[in-house]
Amino acid sequence: MKFATSRIAAAVGLSLTLGLAAATVHAAPIVVKFSHVVAENTPKGQGALKFKELAEAALPGKVEVQVFSNSQLFGDGKEMEALLLGDVQIIAPSLAKFDRYTKKLQIFDLPFMFDDMAALDRFQASPKGQELLDSMKSKGIKGLAYWHNGLKQLSSNKDKLVRPEDVKGLKFRIQSSDVLEAQFRQLGANPQKLAFSEVYQALQTGVVDGAENPWSNIYSQKFHEVQKTIAITNHGALDYMVITNSGWWDGLPEDVRAGLQKAMAGATAHANKLAAEINDRDQKLIAEAGKAKIQTLSKEDVAAWRSALKPVWDKFQDQIGKDIIDAAVASNQQ
Ligand code: LMR
């Protein structure tokens with residue numbers, strides 16, 4: 001009898017423990033993994049940290065945002081697959097990395113498409129730009145926001161980098177974009193698609209001669225230490241689309257989705273405000289470091305790059321859509 005009572009007590013105890021465990025499991029916060037490939041002291045790195053801060057403040061105990069920088073969790077090539085498999089919930093690839101999913105976003109890679117970041121910002125905010133956030137809907141990808149980095153600068157391991165003919169025959173690392181591939185082919189150079197995490201070593205060992213990136217990426221990855229010249233070409237943009245898995249997003253409780261959306265709006269404003277500051281700061285730091293020469297270009301030099309690269313637009317017009325190109329061109333006029 002005594003034995004039976006103690007067994008019942010043990011069983012009750014066990015079920016209480018299991019009940020508590022179940023309650024604990026139930027109350028566990030929703031984990032939102034946000035993975036990216038750049039350093040924390042970049043516009044995207046800062047935006048991701050701001051999103052964590054705002055989301056956790058808005059939804060205390062309900063969400064936990066885990067940020068993974070520098071390709072720690074997933075690098076290029078793997079992160080999109082991981083998002084679709086549900087292994088990560090938010091990523092923010094550069095707009096150059098979507099051409100397997102939609103051709104429309106190739107608009108952002110066309111050389112000299114946007115006169116400056118203000119024009120790019122106007123296009124992203126326009127009805128056409130906002131429509132593009134949904135351009136991968138059928139693939140299960142939802143665009144939450146655009147985040148700025150900045151205009152790209154061309155760098156190489158040669159002393160001379162002033163005119164288009166200076167890159168003839170050189171090997172350039174590119175992001176996984178067919179437009180960027182065409183851009184370098186147009187110049188008679190040899191493009192090579194490489195993941196961001198492999199660029200430093202490729203430049204250092206001479207696997208490639210040059211690359212293109214905004215100042216913030218060049219500085220934070222120390223590319224200026226393994227390049228001889230960085231020309232201020234501003235020949236293209238490098239911005240991001242922050243994306244999520246639409247199935248996951250739609251399945252979130254209403255209040256959590258609203259809280260995350262608000263946090264994303266705050267993080268977007270923060271990252272976009274910081275982007276220009278960080279790029280200016282990093283250009284100065286690169287100049288101070290004195291490892292790579294910063295080459296300024298005359299108006300005539302820039303015009304030569306512009307006209308050398310213009311044929312790339314025609315190659316992609318049908319894939320992108322003339323309506324989108326026209327809207328982007330219009331964003332250059334205020
Ligand atoms: C690159 O691969 O050069 C960039 O897209 C990296 C980044 O995310 O800024």
Side-chain angles (χ1 to χ4, degrees), residues 42-44 47 92-99 102-133 135 143 145-154 164 174-175 177-184 186-187 211-218 230-242 268-269 271-280 282-283 296-297 299 301-317 319-334:
T42 59
K44 182 160 63 178
S94 128
L95 290 160
K97 294 177 182 168
F98 290 103
D99 61 12
T102 173
K103 300 293 178 203
K104 293 184 179 174
L105 294 175
Q106 291 179 327
I107 184 69
F108 294 103
D109 275 353
L110 290 181
F112 293 103
M113 177 70 253
F114 300 100
D115 289 348
D116 50 30
M117 291 304 287
L120 175 55
D121 193 72
R122 282 194 290 276
F123 175 67
Q124 289 172 352
S126 73
K128 266 280 174 267
Q130 289 294 300
E131 235 175 80
L132 293 179
L133 289 172
S135 56
Y146 291 109
W147 283 4
H148 292 323
N149 189 338
L151 296 177
K152 291 180 291 184
Q153 318 303 337
L154 202 59
I174 55 165
Q175 304 174 78
S177 149
D178 292 347
V179 177
L180 299 179
E181 185 165 16
Q183 169 185 281
F184 282 100
Q186 189 66 35
L187 298 168
E212 49 167 14
N213 245 298
W215 299 108
S216 62
N217 281 350
I218 297 174
I230 306 169
I232 309 181
T233 48
N234 290 322
H235 63 282
L238 197 156
D239 262 22
Y240 306 107
M241 190 186 285
V242 188
T268 300
N272 287 355
K273 184 169 164 287
L274 276 183
E277 271 168 46
I278 292 179
N279 277 292
D280 288 351
D282 290 350
Q283 178 178 356
T296 51
L297 300 184
K299 257 195 186 151
D301 297 330
V302 176
W305 287 97
R306 225 180 231 276
S307 83
L309 289 170
K310 193 70 214 289
V312 176
W313 286 36
D314 303 331
K315 288 204 175 110
F316 290 90
Q317 173 163 312
Q319 292 184 31
I320 296 171
K322 191 164 175 327
D323 55 327
I324 295 176
I325 297 186
D326 288 347
V329 169
S331 71
N332 285 320
Q333 273 94 50
Q334 210 165 0

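As a basis for the values below, the full set of heavy atoms in this structure was taken, side chains included, without hydrogen atoms, waters or symmetry mates. Every value quoted in this text rests on a predicted model; they were computed, and no experiment measured them.
Counting heavy atoms from C-beta on, the side chains of I107 and L132 come closer than 4.5 Å. Using a 4.5 Å heavy-atom cutoff, the side chains of Q124 and L95 are in contact. In this structure, the side chains of H148 and P43 stay at 4.5 Å or more apart for every pair of heavy atoms. Looking at L133 and M241, their side chains come closer than 4.5 Å, going by heavy atoms from C-beta outward. Looking at heavy atoms from C-beta onward, R306 lies in side-chain contact with F112 at the 4.5 angstrom threshold. Counting heavy atoms from C-beta on, the side chains of N272 and Y146 never come closer than 4.5 Å. Considering only heavy atoms from C-beta on, K128 stays 4.5 Å or farther from D326 through its side chain. A heavy-atom distance below 4.5 Å is found between the side chains of W147 and T268.
Rounded to the nearest 0.5 angstrom, Q334 CD and D115 CG are separated by 11.0 Å. Note that CZ of F114 and CG of L151 are 10.0 Å apart. Values are rounded to the nearest 0.5 Å. For the atom pair N213 CG and L238 CG, the distance stands at 5.5 Å (nearest 0.5 Å). Taken from CD1 in I320 to CG in D109, the straight-line distance is 8.5 Å, to the nearest 0.5 Å.
Here the side chain of N332 pairs a donor or acceptor atom with the backbone of M113 at under 3.5 angstrom. Using modelled atom types, one side-chain atom of W313 and one backbone atom of P111 make a donor-acceptor pair closer than 3.5 Å. In this structure, T233 contributes its side chain and L154 its backbone to a donor-acceptor pair below 3.5 Å.
Taking the six-membered ring for Trp and the full ring otherwise, the centers of F108 and F98 sit at least 6.0 Å from each other.
Looking at E212 and Q183, their side chains do bring a donor and an acceptor atom within 3.5 Å of each other. Looking only at atom types and distance, the side chain of N234 has a donor-acceptor partner in the side chain of Q153 under 3.5 Å away. Side-chain atoms of D178 and Q319 include no donor-acceptor pair closer than 3.5 Å. A donor-acceptor contact closer than 3.5 angstrom links the side chains of S216 and N149.
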Checklist entry - Between M117 and N279, does a side-chain contact (heavy atoms from CB on, under 4.5 Å) hold up when you go through it step by step? => result CA-CA 12 Å; M117 291 304 287; N279 277 292; over 6 Å; no

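The environment of NZ in K104 is sparse: at most 12 heavy-atom neighbours from other residues, nucleotides or ligands sit within 6.0 Å.
Of all heavy-atom pairs spanning S135 and T102, the tightest one is OG-CG2, 3.7 Å. Closest of all the heavy-atom pairs between V312 and A182 is CG2-O, 4.1 Å. Nearest approach of G150 to D239, heavy atoms of both residues: N-OD1, 3.9 Å. Taking every heavy atom of both residues into account, T42 and I278 meet most closely at C-CD1, 3.7 Å. For the pair N217 and Y240, the tightest heavy-atom approach, listed with the atom from each and the gap, is ND2-OH, 4.0 Å. Scanning both residues, L180 and A96, for their nearest heavy atoms gives CD1-CB, 4.1 Å.
The pair K273-D121 does not count as a salt bridge, with every side-chain nitrogen at least 4.0 angstrom from each carboxylate oxygen.
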